[in-house]
Amino acid sequence: MSIPFLDLKSINQQYREELVEACTRVIDSGWYINGSELEQFEANFAKYCGTKHAIGVANGLDALILTLRAWKELGKLEEADEVIVPSNTYIASILAITANNLKPILVEPNIESFNIDPNNIKDAITDRTKAILPVHLYGQLADMSAIMQIANDQNLLVLEDSAQAHGASYDGKIAGNWGNASGFSFYPGKNLGALGDAGAITTNDDELANTLRALRNYGSHEKYKNLFAGVNSRLDEIQAAMLNVKLPHLNEEIAYRRKVAEAYRQGINNPQIILPTTQNESSHVWHVFVVRCEQRDRLQKYLADNGVQTLIHYPIPPHKQQAYKEWKELSYSISEKIHSEVLSLPIGPTLSMSNVDKVIKLCNDFKS
Ligand SMILES: *Cc1c(COP(=O)(O)O)cnc(C)c1O
């Protein structure tokens, strides 16, 4: 018996015929960059998020970097401005800030939700604070009502990192439609994954959308006329075509992930394993199913010895990374505790319920 963490091959096999057909269509079109597939995907994804615009870019990191960059070009941010970001996140959220010579202010999460704690945001605000970059970690929306309240009171920009949360919603409002803008990743392992790298920004702001369309394309709207010193960060036609095939199936896949998560939450009752919590069903799309365990490394080895692959999201907090060695004296105790205790169990749209039951039984039989 062997249960993989995420079986990407079987996920894409579900749509094999449609994917091959879409790929053939692009090959035969003779048009491979900035064409009709991208235009359609941008329209489809904007509609899915209920936003006025979606702008395709090369990956999720670029979606975040370019949005902050666009705000600099538009005079809304300047170098050394402070951007509040959770201390427990994938490093990309923080890289986007430092890549723009802005200053990340790391703020502790709530240990129950794993997401940034709005009370800690309030405490971190100074007169240099210009933006908040909340992350919808593991697929669960951050506490956006509270965060938007703070942002509105303090006149701060909000850039959501929605790379793990396509389709998560709360109070009828979906990830990507809360902040001034939102960055998405379509990395193959994300809930909506391309067959390579891809990303997008959603926003209701026309001026921002327009600036982003230029920035991703050498700073140019019109060939050989450059308004900005932009970059090359485009979403290829082939990847847009793959995403056009997969987007209509996203909600079914989310529904299946919820079924798996519910089974884990009902079935695992080992007091040594702390289960994840949600605000309500719609607020979580279960990109990963993360439990906490003081004996995490032993639990991971025990599951591996029994054929179950698990991952750790993430083993080293950003402030302890060599990349940010200037922060190595800083201490964020909640983040550090999370990083030392979390373990992600297998979850995905093609994981069989009988395998879910096997994982549940193994977890319940684990003794420290
Ligand atoms: C995956 C991810 C990103 C970056 O996306 P890429 O497409 O890999 O560049 C950013 N933030 C978070 C939280 C992510 O999980």
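Residue numbers count from 1 along this sequence. All values derive from a computational prediction rather than experimental measurement. In listed order, ligands and their atoms are each counted from 1.
- Ligand 1 lies nowhere less than 4.0 angstrom from a heavy atom belonging to H136.
- Here R216 pairs with E42 in a salt bridge; the nearest charged N to carboxylate O distance falls below 4.0 Å.
- With respect to atom 14 (C) of ligand 1, the closest heavy atom belonging to the protein is K190 NZ, 3.2 Å.
- Both Y90 and V342 sit in one connected hydrophobic cluster of ILVMFWY residues. Membership requires side-chain heavy atoms under 4.5 Å apart, directly or through other members.
- From the protein, the heavy atom lying nearest to atom 10 (C) of ligand 1 is A92 CB, 3.4 Å.
- Aromatic rings of H136 and Y170 (six-membered ring for Trp) have centroids beyond the 6.0 Å cut-off, not under it.
- Once rounded to the nearest 0.5 Å, the distance linking CH2 of W286 with OG of S344 reads 11.5 Å.
- For ligand 1, the atoms closer than 4.0 angstrom to any heavy atom of G60 are 5 (O), 6 (P), 7 (O), 9 (O).
- Residue contacts with ligand 1: Y90 is placed with no nitrogen or oxygen under 3.5 Å of a nitrogen or oxygen of the ligand (distance criterion only).
- Using bins of under 30°, 30° to 60° and over 60° for the plane-to-plane angle, the ring pair F5/H313 lands in the tilted bin.
- Of all protein heavy atoms, the one closest to atom 15 (O) of ligand 1 is Q164 NE2, 2.8 Å.
- Between Y48 and H166, a ring centre-to-centre spacing not shorter than 6.0 Å is recorded.
- The parts of L61 lying near ligand 1 are both backbone and side chain, judged by heavy-atom distances below 4.0 Å.
- For atom 11 (N) of ligand 1, the closest non-hydrogen atom of the protein is D161 OD2, 2.8 Å.
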